[in-house]
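The figures that follow rest on heavy atoms only: side chains count, while hydrogens, waters and symmetry mates do not.
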Amino acid sequence: MALLSAGLAAACVASLLFGAGSTGPGASLRGLLAWIAGLDAGPDDARARFVVESLRAPRTLIGVLVGAALGAAGALLQAVTRNPLAEPGLLGVSAGSALAVAIAIALGASAATLRVPVAQLGALAGCVAVLAASRVRGVGDDPIRLVLAGAVLSGLLGSLTSMILLFDERTADEIRFWVVGSLAGRRPADIMALLPGLGVALAIVVVIARPLAALALGERVATGLGHRPRTVRLLVIVAVALLVGSATAIAGPIAFVGLVAPFAARLLAGPDIRRTLWLSLPIGALLTVGADIASRLLVRPSELPLGVLTALVGAPVLVAVVRLRRLPGL
């Protein structure tokens, strides 16, 4: 955990120092030090301080929060479905959020004011569909079948979103870059929009961590230990909807973070959800911030969408896990 925290701290510092623009790491460092010390920067460093304080710092913090949320959501989904391939992006939860936001904007809503609650409702609908599929005989028992069912749902919801963007120019203009996943241009106000949902979800996670560990042993064992499996699943649905909805509303649909983070956490800590769940938070944050840094540097002075980078990293991991059949037990 200490190494993960140190790595995340280093990634955050790098995120403050490196960007796609003309402000280099040297000038950024001077601006960062002036900001931390509360000193008035000289004329040459005033622009660097503005870039660090107003552009990169909110973007970095949002990347940490979004990555942690997606990592925790992936761990919860994998635990409740007992499927190590379950992931919000693969199973249609993120696509449900994106479709809900697109529909709301097409109906005249403002993306700035209604994005978070609407995305959470869309994620809630996606969670219900995932849980229903996991309970279908022959689907929930086979990790590959559940992923295929989720891919079909994601494709359907993504197609509906594309149709809305195609026929509604205003909606397309508002969310064209957002819909592929990006942290660019995020403001401090977006951080405040994230916090309520993440706070409630974190409280739920604290409550259900132990019941989830019991549920991994089977419903009868969990019931015998005094837990209520249906209530636990309901709370997981609410927590995942809050986590994925909040993250998707601010950063757009970002795939594979919820797959890679819990998988790496299980490699480090074993299958116990009480350990892997908390490890998924810093791992997800580190993946997201690291991918965001790469998105700024690979095609300077332009930027790649964050969702493209996470897909480039996560897709080979998914293929390798399936081909090698190294699916750690949950």
Side-chain angles (χ1 to χ4, degrees), residues 65-97 119-120 122-135 140 143 146-147 150 153 194 197-217 219 222 227-248 253-266 268-285 287-288 314 327-330:
L65 294 175
V66 166
L70 293 176
L76 289 172
L77 272 181
Q78 292 175 14
V80 76
T81 61
R82 304 184 70 178
N83 184 336
L85 297 180
E87 193 266 343
L90 291 177
L91 299 186
V93 181
S94 298
S97 291
Q120 289 171 342
L124 180 62
C127 288
V128 172
V130 170
L131 195 58
S134 71
R135 305 295 288 174
L146 182 60
V147 170
L153 177 62
L194 272 173
L198 297 185
V200 174
L202 182 61
I204 295 175
V205 168
V206 172
V207 171
I208 64 176
R210 186 180 297 273
L212 266 179
L215 190 60
L217 302 175
E219 290 194 17
H227 303 297
R228 298 179 180 179
R230 289 186 179 180
T231 303
V232 173
R233 290 193 179 93
L234 177 61
L235 290 174
V236 168
I237 286 177
V238 174
V240 172
L242 290 172
L243 291 168
V244 177
S246 299
T248 303
I254 299 175
F256 293 106
V257 173
L259 171 72
V260 178
F263 185 77
R266 282 194 298 275
L268 294 174
D272 189 343
I273 185 62
R274 289 169 294 185
R275 294 196 296 266
T276 59
L277 182 57
W278 300 115
L279 274 178
S280 296
L281 296 173
I283 293 175
L287 287 172
T288 304
L327 304 182
L330 296 180

Any chance you could measure Arg266, atom CZ, to Leu279, atom CG, to the nearest 0.5 Å? 11.5 Å
Do Leu70 and Phe256 come close enough that some side-chain heavy atom pair is under 4.5 Å? no
Is there a side-chain contact between Ser246 and Leu194, using heavy atoms and a 4.5 Å cut-off? yes
On a heavy-atom basis, the closest approach of Ser94 and Val244 is OG-CG1, 3.7 Å
Ala247 to Ala69 - nearest heavy-atom pair and separation: CB-CB, 4.3 Å
Do Ile208 and Leu215 come close enough that some side-chain heavy atom pair is under 4.5 Å? no
With Leu235, which of Leu212, Val240, Ile204 fulfils side-chain contact (heavy atoms from CB on, under 4.5 Å)? Ile204
Note: Leu277 and Val205 closest approach over all heavy atoms is CD2-CG1, 3.1 Å
Which heavy atom of Ala201 sits nearest a heavy atom of Ala239, and at what distance? CB-O, 3.9 Å
Work out which heavy atom in Ala72 is nearest to a heavy atom in Leu281; give both atom names and the distance. CB-CD2, 3.5 Å
Would you say that Leu242 contacts Leu198 through its side chain, given a criterion of any heavy-atom pair below 4.5 Å between the two side chains? no
Starting at CZ of Arg210, measure out to CD1 of Ile273 and round the result to the nearest 0.5 Å. 13.5 Å
Return the minimal non-hydrogen interatomic distance between Ala73 and Pro88, and the atom names on each side. CB-CG, 4.0 Å
Go through it in stages, so that I can follow the logic: the residues are Ile283 and Leu268, the test is side-chain contact (heavy atoms from CB on, under 4.5 Å), and I'd like the CA-CA distance, side-chain angles, deciding distance and then a yes or no. CA-CA 11 Å; Ile283 293 175; Leu268 294 174; 4.1 Å; yes
Looking at side-chain heavy atoms only, is the closest gap between Asp272 and Thr276 below 4.5 Å? no
